[in-house]
Amino acid sequence: MPNRPYIVGNWKMNGVRAMLAEARAIDRGAARHPGVKVAIAPPFTLIHAMAEDSQSIAVGGQDCHAKPSGAFTGDVSAPMLKDAGAGFTIVGHSERRAIHGEDDAAVCAKAEAALQAGLDVIVCVGETEAERDAGSAEAVVCGQLDGSLPRSESATAHLTVAYEPVWAIGTGRVPSLDDVGAMHRAIRARLGAIYGEAAASISILYGGSVNADNAAELLRADEVGGALVGGASLAAESFLAIVLAAEG
Ligand code: 13P
């Protein structure tokens, strides 16, 4: 395991200011688990307040625009995230890829923009159920890595990859441990082919229906360096149980 286990909560489009109390509870709980790196990606509207409030967790965005500023109504740039107190951003989540039509090139441009702004970046990849059934899951994911990963100098020092099979997101279904391990080994190999030795420092997170009950097992699979958690990150109790599981 190259790094401390990394547990990231993706709040998606959930959370108004009343939810900051939950983030405070997560922050206090994370302080008791210094062996685990804990982060939350709340909606843009909560980033500043959550970052100001947090001592032990990192706070980040769920997406950013590829350009630093301009006539892009409704979008938020990486320098804006940084200015609001974010330390990282997620890019290429399957919901962005599917709902907003973001392809690998768009995700790569966003990742480069995040690095340029001084943010760490979590690049998401993952196959659909049809792709898995067709036996092409590894090929799809490796293709996404080839097209989406930033190549700028020292990218590896600021990069995390999240493997999230689309069919496991929000469904309560998870791949077998063998399948998780096989995919994570394939991702590790591809990272090595792309970045060489520097790839060893990149954590690979698993995401998709991670909860307090299955986290310990999933986190033991080969090359799993942490988890990207959706639903179970919205309550301190369930999220901190996953943090505890990560401490082993
Ligand atoms: P769930 O944990 O709700 O399945 O969501 C996973 C996810 O998409 C995190 O980015």
Side-chain angles (χ1 to χ4, degrees), residues 5-15 19 22-23 26 36-44 46-47 50 57-64 81 86-100 102 107 110-111 114 119-129 131-132 137 140-141 144-145 148 159-177 179-180 183-184 187 203-219 221 224-246:
Y6 188 19
I7 304 297
V8 184
N10 173 11
W11 281 14
K12 307 192 180 186
M13 199 173 73
N14 298 290
M19 279 285 284
E22 213 62 35
I26 292 169
V36 183
K37 186 173 163 192
V38 182
I40 299 178
F44 291 132
L46 295 182
I47 288 175
M50 196 183 289
I57 61 171
V59 177
Q62 300 171 9
D63 178 47
C64 68
L81 289 178
F88 72 96
T89 188
I90 297 167
V91 297
H93 192 281
S94 64
E95 287 150 16
R96 301 289 318 174
R97 290 177 186 262
I99 302 167
H100 297 271
E102 296 180 8
V107 174
K110 288 173 179 229
L119 297 170
D120 290 341
V121 64
I122 300 173
V123 177
C124 301
V125 294
E127 83 284 358
T128 63
E129 184 156 37
E131 289 162 344
R132 177 153 288 268
V140 166
V141 165
Q144 289 174 338
L145 293 171
S148 308
L159 175 65
T160 298
V161 170
Y163 167 57
E164 299 202 303
V166 176
W167 52 272
I169 294 177
T171 59
R173 295 166 59 206
V174 293
S176 70
L177 289 194
D179 284 348
V180 172
M183 183 62 84
H184 279 240
I187 293 171
S203 291
I204 308 169
L205 313 183
Y206 169 78
S209 294
V210 178
N211 59 41
D213 295 328
N214 63 18
E217 207 177 12
L218 286 164
L219 289 164
V224 173
L228 181 54
V229 184
S233 71
L234 292 169
E237 191 181 355
S238 49
F239 193 50
L240 289 172
I242 295 168
V243 172
L244 180 66

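Heavy atoms only: backbone and side chains are in, while hydrogens, waters and symmetry mates are out. As the structure lists them, so they are numbered: ligands from 1, and atoms in each ligand from 1.
Polar contact check, Ser209 against ligand 1: a nitrogen or oxygen pair lies under 3.5 Å apart.
The protein heavy-atom contact nearest to atom 3 (O) of ligand 1 is Gly231 N, 2.8 Å. Protein heavy atom closest to atom 9 (C) of ligand 1, with residue, atom name and distance, is Glu164 OE2, 2.8 Å.
Remark: ligand 1 atoms within the under-4.0 Å shell around heavy atoms of Leu228 are 9 (C), 10 (O). Listed by number with element, the atoms of ligand 1 under 4.0 Å from a non-hydrogen atom of Asn10 are 9 (C), 10 (O).
If you run side-chain contact (heavy atoms from CB on, under 4.5 Å) between Glu217 and each of Val180, Val174, Leu177, only Leu177 comes through. A side-chain contact (heavy atoms from CB on, under 4.5 Å) with Phe239 holds for exactly one of Asn211, Val38, Leu234; it is Val38.
For the ligand labelled ligand 1, residue Gly208 lies inside the 4.0 Å heavy-atom shell. Heavy atoms of Ala232 come nearer than 4.0 angstrom to ligand 1 in no pair at all.
Between His100 and Asp63, the closest side-chain pair of non-hydrogen atoms is not below 4.5 Å.
Of the listed residues (Gly230, Ala41, Ala168), the one carrying the non-hydrogen atom nearest atom 1 (P) of ligand 1 is Gly230.
Atoms CE and CD, from Met13 and Glu95 in turn, are 10.5 Å apart once rounded to the nearest 0.5 Å.
Using a cut-off of 4.0 Å between Lys/Arg side-chain N and Asp/Glu carboxylate O, Glu164 and Arg97 are scored as not salt-bridged.
Tyr163 and His184 have perpendicular rings, their planes meeting at more than 60° on a 0 to 90° scale where under 30° would count as parallel.
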